[in-house]
Structures are given as C-alpha cells and as structure tokens.
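Comments concern the structure below.
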Amino acid sequence: MTSPRETGTPLAALNPEQAEAARHGEGPLLVIAGAGTGKTRTLAARVSDLISRGCAPERILLLTFTRQAAREMLSRAGVASRKGIWGGTFHAVAHRLLRIYAEPMGLEPGFTVIDRPDAEDLMDLSRSALGLKSAEHPTFAGERGGAPRNARFPGKGTCVAIYSRCVNEALDGTGSSDRTLEQLVLERFPWVSGHEAALKRLFKEYEARKQAQSVLDLDDLLVWWRGLQEDERLGRDVEERFDHVLVDEYQDTNRLQRAILLSLRKHNRNLTVVGDDAQAIYGCHEKTLRSESGETGAVGCVGRPSSPPPPRPAIVRARDERSQAEHVIRSSLRLLEDGIALRKQAVLFRAAHHSDLLEVELSRRKIPYRKFGGLRFLEAAHVKDVLALLRIVENPRDETAWWRILKLLEGFGPKTARRALDHLAREGFSPASLERFQPPKNAEASWSALRGLLVPLSGDAELSVTATIERVRAFYDPVLARRYDHAPARSQDLDALARIAQAAPSRRDFLAEVTLDPPSSTSDLAGPPHLDDDWLVLSTIHSAKGLEWDAVTVLNAVDGCIPSDLATGRADEIEEERRVFYVALSRARRFLTVVAPLRFHLRDKGVTDRHGYAQLTRFLPESVLLHFDRVPDGEPDEPDSPATVSAADSLRARALKRWD
C-alpha cells in the first residue's frame with residue numbers, strides 16, 4: 001500500500017515487487033527482471049527514495065551504459081534539476097574521477113582520450129614501427145610455433161579487438177584471470193593463431209606510444225580507475241565519496257568493471273545492481289514472468305494494465321526487401337492515424353545497412369526519420385579531421401592526431417608526413433617547432449597555413465571552444481572543399497559540431513564529451529525538422545538496448561541477418577545472436593511486428609534481376625510462431641525451411657609487462 005509520503009512520487013507508480021526493491025534499505029541488492037518489466041522505473045524510484053530519506057544527491061553514483069539512459073532515469077526519479085548527483089557511463093565516470101585525481105596518481109593532467117577508430121590508427125602506426133605489416137618479416141615468420149611464412153598479419157581493427165578483450169578480461173598478470181592471450185586467441189580469434197608472440201610485442205609498443213603521448217584509450221579509462229581504487233589512500237577517498245552505488249544493465253559488465261564495483265564497496269555494501277539474465281553472457285537464473293496487460297501472449301509486462309489490451313505479435317513474410325519497406329511505411333502511417341506518434345514507433349535491424357532501402361523510400365515520401373547506430377556522426381572523416389586539430393591544440397603530443405592532419409596537407413605524401421612527424425617527435429611535439437621544418441616547395445603554402453593556425457592557438461589556453469573551432473574552420477574549410485565530395489553538406493556537420501561545443505566549459509571537456517558519449521548523426525533526417533517535430537525511429541538492435549517504444553518492427557528476421565552469417569561459427573555465438581534477437585522483440589510496449597522477406601536481390605553482384613531465397617530465422621520455430629498472428633503481404637505465404645606517482649609508475653609498468 002502506498003503511504004501518504006509516497007503519493008505523487010515515482011514510488012506510487014510501482015507494483016508491490018518493484019516497490020519492495022525501491023524501498024530496500026542498507027546493504028547489497030540484486031534485482032533480476034525481464035525486458036519491459038519496469039527495471040528503469042524501479043531504479044529511478046530507488047534513487048528518489050534514497051534522496052527522500054536524506055541521502056545527499058552528490059553521494060549517489062548511478063552507473064548506466066549510455067548517458068541518455070542516465071538522463072532518463074534521473075528525470076523519472078524527479079532529480080533532473082538537482083545538482084551534484086553522479087550519473088553516467090563507466091567510462092564517463094572514470095574520466096571524471098581521473099581528472100580529479102590525475103596529479104596524485106602521477107597522470108599527466110592534460111591527457112586526452114582517443115576513441116576506437118583513433119586507437120586503430122595508433123595501433124597501425126605501432127604495426128608499421130615494428131614491421132608487422134609484411135608477412136615475410138622474420139619477427140613473426142621465424143618464431144618457434146609462430147605463424148607460417150606468408151601468413152597475413154591481422155589488421156589494425158582485429159589487433160585492437162584482441163587487445164581490448166585482453167584488457168577487459170583482466171589478462172594482466174595480476175591473477176584476476178587464469179586465461180592467457182594464447183587461449184583467448186584460440187577461442188575467439190582462431191585465424192590469428194600463431195601470431196601471439198608478435199601480438200605481445202605489438203601491444204607493448206602500443207602501450208609505450210600511448211604513455212609517451214599522454215593519451216588514454218577507452219579501455220585505459222577503466223584500467224586507471226581500477227588502479228585508482230587499488231591505491232590505499234586514494235581508493236578509500238573515492239569510496240567515501242558515495243553512500244550508494246547503483247548499476248543498470250548489470251548483465252553487460254565485464255571482469256574489469258566488476259572489479260571496480262567491488263573495490264568501490266570495500267567498507268560499505270550499499271550496492272544495487274539491476275539486470276536481465278536472459279540478455280547476459282552467463283547462465284540464466286530462474287524467474288517467472290507474467291503479463292499484466294490483460295491478455296496472455298501480449299507484449300510487455302509494464303506494471304499497469306493497458307486499455308485496450310494489445311494484440312498478439314505479428315509475423316509478416318514479405319515478398320522481398322522492397323515489399324518489406326512498403327509494409328513498414330503503411331503500418332507506421334496507420335498507427336500514426338490511430339494516435340501513435342512516429343517517434344513512439346521504432347524499426348530495428350541487426351546491421352546498419354539493413355535499413356538502406358527503407359531510408360530511400362522514407363526520403364522519397366518525405367517522411368521524417370532519425371537513425372541510430374551504424375556510422376556515427378563523429379566517425380565521419382571531416383568531423384574527425386576537425387577534432388584531430390582540436391586534440392593537437394589541447395595535447396600537442398597526440399601523435400595519431402598529427403598523423404591524420406599531416407596527411408591532409410597539399411603536397412604531403414606519406415614520406416613527407418613521416419619526416420614531419422619525426423621532426424615533431426625530436427622537438428617534443430612543440431607547435432613552435434613547426435617554424436624549423438622545411439617542407440617541399442609544393443607544400444610550403446599548406447605548411448604555412450597549418451603553422452599560422454597552431455602556433456597562436458597553442459599560446460591561448462583560455463580561448464573558448466567555439467572560438468577555437470572558428471579559427472580551425474578558417475584553416476580547414478579550403479581543405480574540405482579540396483578533399484571531399486559534397487562539401488556543403490559536410491560543412492553543415494561542422495556547423496552542428498560548433499553548436500554542440502557551445503555548451504562545453506572548455507576544450508578539454510568538449511573533447512572528452514564527444515569521445516565518451518558521441519552525438520547521433522546530424523544529417524540523417526529526411527524532411528525539414530523545423531516544420532515537423534515528429535520522426536520515425538530507425539535503430540540497430542544494439543543501439544536500442546534499454547529503450548522501449550509503443551510499436552516496434554523488426555526487419556530481416558531471416559537466417560543470415562538474424563542470426564548474422566558472420567556469427568554462426570560456434571554455439572556460443574549463436575546463443576549471443578539469440579539474445580540480440582530477444583532484445584529486439586522485447587523493446588515493444590504494445591505492438592510488435594517481425595518482417596521476414598522471402599527473397600533478397602543480389603545487388604552486390606552488379607545485377608538487379610538475380611535473387612536468393614531466405615529461410616525464416618531459426619529463432620522463431622513453430623512452437624514460438626503459435627503465439628504470433630501471420631499477416632499476409634499481398635502474396636500467399638511460401639513454406640519456410642527448417643527453421644600517486646608510484647601508483648602511476650605501477651600502472652604503466654603493469655601495462656607494459658602485460659605483454660611479456
């Protein structure tokens with residue numbers, strides 16, 4: 001029963017089980033619940049209840065997997081306008097703490113953070129320095145037990161993926177994991193087997209370059225946070241900052257994040273974690289799900305009966321991808337007429353390119369949409385160019401940023417860029433050293449322009465982000481027009497970047513924000529947004545995690561797409577794909593439609609009249625389809641196939657020793 005104190009609060013909207021979790025007092029709390037059962041609502045209510053019982057907001061740490069989720073949760077808790085509450089992703093919180101404790105940790109206060117593509121570029125520079133791009137190089141071709149001569153060394157993306165998995169699984173010689181690099185490669189990257197010794201040398205070189213440049217990658221943020229917690233004095237200071245720690249989507253935490261959480265609660269056991277075991281990579285706990293929507297088989301367990309009850313999920317066997325797009329548009333417009341706004345509808349897909357044809361049709365019909373997932377705004381080349389210039393201004397030792405910019409200059413080829421980079425390294429990466437480098441005759445103009453930008457900016461630390469971007473644009477806009485197609489459209493992206501920067505208090509804060517929590521694309525709207533504030537949501541399933549909509553349509557529910565044909569080599573990969581599909585199906589509050597095209601045109605073969613047939617995803621066997629309504633799509637269904645400084649020194653040494 002709701003108490004008078006709770007009337008009109010987030011607690012008032014909870015069912016008995018949710019309220020029990022929200023009112024939990026001191027001590028650890030584990031909440032296991034299925035999709036759509038009100039996990040976010042419950043966690044938000046717990047935050048609200050803790051504050052109402054006297055816990056200061058700034059002594060609550062709320063960890064989520066997206067900043068959007070943190071904002072939504074704080075808004076639901078009614079504390080969005082309160083100052084001081086700590087909320088955000090593991091990486092964002094790690095960055096905030098490291099900025100506070102950088103000096104006592106022995107970390108360079110002006111460190112910068114690089115994202116995954118920049119990490120890949122730095123890994124590539126490390127590969128080149130070691131000569132690991134050549135299959136004939138004796139450093140790995142002649143090693144005992146190494147790869148055979150002529151074996152191709154893995155690319156930069158694969159190398160970063162292996163490195164990241166090693167770090168996050170705590171393969172660092174501390175005893176926190178009993179697995180080795182060799183075991184991990186054999187299990188997860190078997191095609192790289194034989195290159196392990198070379199990989200260790202590569203990763204050691206990569207670590208050394210990051211340390212020399214004072215840059216951290218996203219994995220380093222967690223490694224240094226754990227190192228902060230391991231320092232007896234500093235770790236206790238961090239722990240005492242928080243009376244309560246709450247974690248959403250706990251099933252997605254890895255070994256490193258779990259170690260951080262445990263170190264945060266050595267002297268205080270107030271840890272609340274919420275998750276869905278069905279979406280976890282480990283075995284499931286037993287739980288019972290029930291629907292309160294008023295109809296067996298209806299979508300969602302939303303805690304309050306809806307009226308009228310939602311229909312059963314629907315399965316549509318479309319003729320082909322074009323028919324699939326037509327069905328999505330007809331269905332979305334029909335729901336719009338029935339009172340469900342477009343932005344309360346979502347179309348989900350396994351891979352970003354699965355929505356290509358649908359996007360063409362939406363644009364042709366001037367139906368606004370926003371797409372989440374796939375190529376992010378900050379991954380566009382022209383945006384990364386401008387950010388690289390800002391990173392050089394903030395941290396002149398950022399070799400990866402220098403390498404990117406040098407290759408943009410007119411008259412600069414790889415050899416000249418390499419010579420300029422070596423000069424900068426000898427001069428300690430001081431922008432003033434640009435005056436002492438002699439470029440080729442045909443590169444003097446571009447070199448002079450770069451020097452005229454960076455030398456004054458490096459001596460003006462108080463210049464605002466917006467003003468810095470304005471100066472950068474004066475240098476970069478001619479480069480943009482010369483190097484890229486569709487320069488006017490790309491220029492609008494840079495205008496949007498400048499608008500985002502207006503709210504940042506400093507260049508350092510801005511660079512950290514866009515790296516740790518990048519915005520969505522600014523150029524993926526069809527139709528004029530100032531005339532229509534509604535839009536259809538298009539999203540990869542991964543980007544949809546933790547979100548819900550009134551109506552959801554899942555595209556391409558066929559084998560090869562769901563599960564992806566790139567993830568069916570092992571049983572555990574297939575089970576991971578099954579959990580991905582579960583995430584997609586469980587995003588719907590009321591209406592769920594699954595579309596499976598019968599045919600796919602083989603456009604990648606250079607012809608449009610060839611096609612192949614597809615079988616319904618193996619994750620929807622007949623025993624599951626009994627709970628779906630079959631919706632015809634213009635043709636009869638075809639039969640389916642079977643279905644301190646010392647602390648810093650210790651961390652740096654450990655990072656290098658990891659690969660011995």
Run E20 and Q18 through side-chain hydrogen bond (donor to acceptor under 3.5 Å, both in side chains) and show every step you take.
CA-CA 5 Å; E20 182 183 4; Q18 294 168 339; over 6 Å; no

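- Nearest heavy atoms, V583 versus S586: O-OG, 3.1 Å.
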ring-ring contact (aromatic ring centres under 6.0 Å, His included) between W225 and Y101, worked out
CA-CA 10 Å; W225 187 3; Y101 292 96; over 10 Å; no

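- Judged purely by atom type and a 3.5 angstrom limit, Q345 uses its side chain to pair as donor or acceptor with the backbone of I340.
- Residues I574 and F619 meet the side-chain proximity criterion, which asks for heavy atoms closer than 4.5 Å.
- For K39 and D248, the salt-bridge test fails: no basic side-chain N is under 4.0 Å from an acidic carboxylate O.
- Taking a cutoff of 4.0 Å between a charged side-chain nitrogen and a carboxylate oxygen, R579 and E576 qualify as a salt bridge.
- Between the side chain of T515 and the backbone N or O of L511 there is at least one donor-acceptor pair closer than 3.5 Å.
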Between V238 and L228, is a side-chain contact (heavy atoms from CB on, under 4.5 Å) present by the stated rule, with each step listed?
CA-CA 8 Å; V238 174; L228 174 61; 3.7 Å; yes

Going through the distances and angles, do Q211 and Y206 end up as a side-chain hydrogen bond (donor to acceptor under 3.5 Å, both in side chains)?
CA-CA 9 Å; Q211 293 179 14; Y206 175 68; over 6 Å; no

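- For the pair R236 and E240, the salt-bridge criterion is met [side-chain N within less than 4.0 Å of a carboxylate O].
- At a threshold of 4.5 Å between non-hydrogen side-chain atoms, the residues L222 and Q257 count as touching.
- In this structure, L536 CG and L342 CG are separated by 5.5 Å, a value rounded to the nearest 0.5 Å.
- Side-chain contact between V247 and F90 is present, with heavy atoms from C-beta onward closer than 4.5 Å.
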Could you walk me through whether L62 and I85 pass the side-chain contact (heavy atoms from CB on, under 4.5 Å) check?
CA-CA 8 Å; L62 175 62; I85 193 165; 5.6 Å; no

For K200 and E182: C-alpha separation, side-chain torsions, deciding distance, then whether salt bridge (charged side-chain N to carboxylate O under 4.0 Å, His left out) applies.
CA-CA 10 Å; K200 289 180 179 180; E182 289 76 11; 3.1 Å; yes

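- Nearest heavy atoms, I60 versus C55: CG1-SG, 3.6 Å.
- Residues L181 and I162 form a side-chain contact, since some pair of their non-hydrogen atoms from C-beta on lies under 4.5 Å apart.
- Aromatic ring centres of F111 and W224: separated by at least 6.0 Å.
- Residues D121 and I114 have side chains not in contact (no heavy-atom distance under 4.5 Å, counting atoms from C-beta outward).
- Tested against D243 for a salt bridge (Lys or Arg N to Asp or Glu O under 4.0 Å), the candidates R53, R269, R59 yield a single pass: R59.
- Classification of E108 and R397 as a salt-bridged pair holds, one side-chain N sitting under 4.0 Å from a carboxylate O.
- With Q183 contributing its side chain and T180 its backbone, the two residues share a donor-acceptor pair below 3.5 Å.
- Side chains of T40 and E249 form no contact here, defined as non-hydrogen atoms less than 4.5 Å apart.
- For E548 and R590, the salt-bridge test fails: no basic side-chain N is under 4.0 Å from an acidic carboxylate O.
- Using modelled atom types, one side-chain atom of D220 and one backbone atom of D217 make a donor-acceptor pair closer than 3.5 Å.
- The neighbour count for R258 CZ, taken as heavy atoms of other residues, nucleotides or ligands under 6.0 Å away, does not exceed 12.
- Of all heavy-atom pairs between W549 and K344, the closest is CB-O, 3.4 Å.
- Interatomic distance, E58 CD to W86 CH2, rounded to the nearest 0.5 Å: 11.0 Å.
- In this structure, E239 contributes its side chain and H267 its backbone to a donor-acceptor pair below 3.5 Å.
- Not one N or O on the side chain of D219 forms a donor-acceptor pair closer than 3.5 Å with the backbone of N168.
- Expressed to the nearest 0.5 Å, how far CZ of R255 lies from CZ of R226 amounts to 11.0 Å.
- Between E577 and R350 a salt bridge is recorded (basic side-chain N to carboxylate O distance below 4.0 Å).
- Screening L348, V554, V580 for a side-chain contact (heavy atoms from CB on, under 4.5 Å) with I562, the sole residue that qualifies is V554.
- At least one side-chain heavy atom of L497 sits less than 4.5 Å from a side-chain heavy atom of F510.
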Determine whether V93 and L61 satisfy the following criterion, side-chain contact (heavy atoms from CB on, under 4.5 Å), listing intermediate values before the conclusion.
CA-CA 9 Å; V93 172; L61 173 59; 4.0 Å; yes

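- N254 and L256 get closest at one heavy-atom pair: OD1-N, 3.1 Å.
- Checked for salt-bridge contact, D115 and K384 meet the test: a charged N lies under 4.0 Å from a carboxylate O.
- M105 places a side-chain heavy atom less than 4.5 Å from the side chain of L651.
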Mind running side-chain contact (heavy atoms from CB on, under 4.5 Å) on L63 and L261 for me, showing each step along the way?
CA-CA 10 Å; L63 289 164; L261 289 174; 3.7 Å; yes

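- When atom types are taken as modelled, the side chain of N270 and the backbone of V245 share no donor-acceptor pair closer than 3.5 angstrom.
- The two residues L221 and A94 have their closest heavy-atom pair at O-CB, 3.5 Å.
- For the atom pair OG of S214 and CG of D398, the computed distance is 9.5 Å after rounding to the nearest 0.5 Å.
- Taking both residues in full, the closest heavy atoms of T540 and A351 are given as CG2-C, 4.4 Å, listed atom of the first, atom of the second, then distance.
- Residues R23 and D49 are not paired through a salt bridge, judged by the lack of any N-O separation under 4.0 Å between the basic side chain and the carboxylate.
- For the atom pair CD (E207) and NZ (K657), the distance works out to 14.0 Å, reported to the nearest 0.5 Å.
- Rounding to the nearest 0.5 Å places CE of M123 at 11.5 Å from CZ of R209.
- Between the side chain of R46 and the backbone N or O of H24 there is at least one donor-acceptor pair closer than 3.5 Å.
- Side-chain atoms of K371 come within 3.5 Å of backbone atoms of A352 as a donor-acceptor pair (strictly under, hydrogens ignored).
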Apply the test side-chain hydrogen bond (donor to acceptor under 3.5 Å, both in side chains) to residues D276 and Y250: give CA-CA distance (whole Å), side-chain angles for both, the deciding distance (0.1 Å), then the verdict.
CA-CA 8 Å; D276 180 3; Y250 182 67; over 6 Å; no

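- Under 4.0 Å is where a charged nitrogen must lie from a carboxylate oxygen, and between R654 and E230 at least one such pair does.
- A donor-acceptor distance shorter than 3.5 angstrom exists from the side chain of S263 to the backbone of I260, with no hydrogens or angles considered.
- Between R391 and E394, none of the side-chain N atoms (NZ, or NE/NH1/NH2) sits under 4.0 Å from a carboxylate O, so this pair counts as no salt bridge.
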